[in-house]
Peer 1: 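Quick one: structure below, then a few questions.
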Protein chains: 2
Amino acid sequence: MRDIDNIFEKIKRDGHRLTKIRKAMVVILFAEKCLLSASEIRARLSASGLAADRTTVYRELGFLLEKNIIKEIRIADRKTYYEIVSPEHHHHLVCTKCDSVQEIVMGNHLKRQEDRIYKKAKFKVLAHSLEFYGLCRKCK
Amino acid sequence: MRDIDNIFEKIKRDGHRLTKIRKAMVVILFAEKCLLSASEIRARLSASGLAADRTTVYRELGFLLEKNIIKEIRIADRKTYYEIVSPEHHHHLVCTKCDSVQEIVMGNHLKRQEDRIYKKAKFKVLAHSLEFYGLCRKCK
DNA sequence: TAATTATTGCAACATTGTTGCAATAACTAT
DNA sequence: ATAGTTATTGCAACAATGTTGCAATAATTA
Ligand SMILES: [Mn+2]
Ligand SMILES: [Mn+2]
Ligand SMILES: [Zn+2]
Ligand SMILES: [Zn+2]
């Protein structure tokens with residue numbers, strides 16, 4: 001069973017419909033793996049012969065976010081992006097020169113910080129977002 | 001000499017004009033210390049009897065960003081915010097229940113990670129953004 | 001195949017952000 | 001204090017993103 005089929009299963013199991021657009025959006029996000037904006041997703045739907053209204057794309061993104069199938073990432077000075085929730089938690093290296101983005105896995109070093117935050121500020125961390133900005137291999 | 005006067009000095013020294021709106025925006029951002037959106041800033045200008053056009057506020061935010069007097073922060077699912085660049089680098093604890101935001105200073109533990117990123121991915125980190133989401137003292 | 005209703009498209013709207021251009025006001029030099 | 005220079009501002013017009021209500025459509029179930 002492929003990963004993506006698990007997603008489809010889950011959607012159906014929860015009593016939701018597996019429509020053409022919904023399925024296509026998951027396929028697109030799954031194939032890209034990383035960072036697609038709402039308008040990029042819409043463009044790819046069109047390209048694959050599935051013209052969807054802007055409203056539908058946003059509503060569907062809302063649905064997939066609620067289902068925890070995708071996550072939202074807001075990069076400084078750029079658009080809002082979406083990506084498939086992957087089993088491996090990762091962060092992003094954003095090149096400020098060529099706009100490329102790579103992923104980076106960092107172990108659980110933030111866990112210690114989050115414990116410290118709880119002790120120090122009594123704030124219970126449930127999630128975090130961490131992006132690095134700088135120059136990629138080619139641009140530096 | 002107050003901190004804020006240094007900002008005014010710097011603006012003038014660099015050959016820019018210290019207009020009413022520019023000055024008021026710095027005062028507002030300086031007083032708040034943390035996270036104000038463009039429309040909130042505009043509202044506060046109005047409240048202090050200085051009605052400024054939306055265009056002007058955005059142009060001024062652009063100017064202050066370029067001058068490195070303020071920085072931009074994009075919080076997941078929320079607006080774009082601005083805050084005065086403070087001498088002490090810090091991150092934010094965002095409560096997902098009551099929307100409150102507190103600051104947290106975390107030493108230079110990310111420095112080590114950034115060195116590792118350079119070795120591993122040949123990506124030269126110049127900046128980062130890190131926000132924590134969860135439940136504040138009151139909401140947990 | 002028919003019935004149910006989740007999903008979709010459309011129109012209309014709200015908010016954020018940008019650009020060109022003419023009017024204004026901050027600063028400089030007299 | 002005044003006049004001149006031009007950075008800054010306001011306005012109009014626009015573009016992009018995102019949201020809502022409602023009627024039509026299509027995915028699923030029986
Ligand atoms: Mn990613
Ligand atoms: Mn802050
Ligand atoms: Zn690059
Ligand atoms: Zn709270």
Peer 1: Would you verify whether the NZ or CZ of B:Lys10 falls within 45 degrees of the ring axis of B:Phe8 while also being under 6.0 Å from that six-membered ring's centre?
Peer 2: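 No, a cation-pi geometry is absent between B:Lys10 and B:Phe8.
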Peer 1: Does any non-hydrogen side-chain atom of A:Leu64 lie less than 4.5 Å from one of A:Leu29?
Peer 2: yes
Peer 1: With a 4.0 Å cutoff (strictly under), does any side-chain N or O of B:Lys79 reach OP1 or OP2 of C:dT15?
Peer 2: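 It does not, given that no N or O in the side chain of B:Lys79 lies less than 4.0 Å from OP1 or OP2 of C:dT15.
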Peer 1: When you check the side-chain N and O atoms of B:Glu103 and B:His90, is any donor under 3.5 Å from an acceptor?
Peer 2: yes
Peer 1: Check this one for me: any side-chain N or O of A:Tyr58 less than 4.0 Å away from OP1 or OP2 of D:dG18?
Peer 2: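 Yes, because at least one side-chain N or O of A:Tyr58 sits under 4.0 Å from OP1 or OP2 of D:dG18.
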Peer 1: Would you please name every residue forming a ring pair (Phe, Tyr, Trp, His ring centres under 6.0 Å) with B:His89, sequence neighbours left out?
Peer 2: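 Ring pair (Phe, Tyr, Trp, His ring centres under 6.0 Å) check on B:His89 returns B:His91, B:His128.
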Peer 1: With sequence neighbours left out, what residues match B:Glu32 under side-chain contact (heavy atoms from CB on, under 4.5 Å)?
Peer 2: B:Leu36, B:Arg44
Peer 1: How far does CG of B:Leu45 sit from CD of B:Glu40, to the nearest 0.5 angstrom?
Peer 2: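 One finds 12.0 Å between CG of B:Leu45 and CD of B:Glu40.
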Peer 1: Please list, in numerical order, the residues of residues 38-46 of chain B that have a heavy atom closer than 4.0 Å to any atom of DNA chain D.
Peer 2: none
Peer 1: How would you summarise protein contacts on nucleotides 4-13 of chain D per nucleotide, using B for base, S for sugar-phosphate only and - for none, with heavy-atom distances below 4.0 Å?
Peer 2: --BBSBBBB-
Peer 1: Hydrophobic side-chain clustering at under 4.5 Å (ILVMFWY, transitive links): who's grouped with A:Ile73? Put none if nobody.
Peer 2: A:Leu35, A:Ile75, A:Tyr81, A:Val94, A:Val101, A:Tyr133
Peer 1: Please state how far atom CG in A:Leu50 lies from atom C1' in D:dA26, giving the value in whole angstrom units.
Peer 2: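 From A:Leu50 CG to D:dA26 C1': 13 Å.
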Peer 1: CD of B:Glu72 versus C1' of C:dT16: gap in Å, rounded?
Peer 2: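 Distance, rounded to whole Å: 12 Å.
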Peer 1: How long is the line joining CD of B:Glu9 and P of C:dC27, in whole Å?
Peer 2: 12 Å
Peer 1: Atom pairs, N/O to N/O, protein against nucleotides 22-24 of chain C, distance under 3.5 Å?
Peer 2:
none

Peer 1: When rounded to the nearest 0.5 angstrom, what distance separates NE2 in B:His109 from CZ in A:Arg116?
Peer 2: 8.5 Å
Peer 1: Whole angstroms only, please: what is the CZ-P distance between B:Arg74 and C:dG17?
Peer 2: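 Spelled out: CZ on B:Arg74 to P on C:dG17 is 8 Å.
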Peer 1: Within this structure, what is the CZ-to-P distance between A:Arg13 and D:dA27, rounded to whole angstrom?
Peer 2: 21 Å
Peer 1: Taking all atoms of both residues into account, what is the closest heavy-atom pair of B:Arg78 and B:Cys95, and its distance?
Peer 2: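 Heavy atoms of B:Arg78 and B:Cys95 come nearest at NH2-O, 3.4 Å.
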Peer 1: Could you walk me through whether A:Phe123 and B:Leu135 pass the side chain to side chain contact (heavy atoms under 4.5 Å, CB included) check?
Peer 2: CA-CA 6 Å; A:Phe123 184 101; B:Leu135 299 171; over 6 Å; no
Peer 1: Check whether any side-chain heavy atom of A:Ile11 sits under 4.5 Å from a side-chain heavy atom of A:Arg17, and report yes or no.
Peer 2: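 When only atoms from C-beta onward are counted, A:Arg17 and A:Ile11 do not touch, as no gap falls below 4.5 Å.
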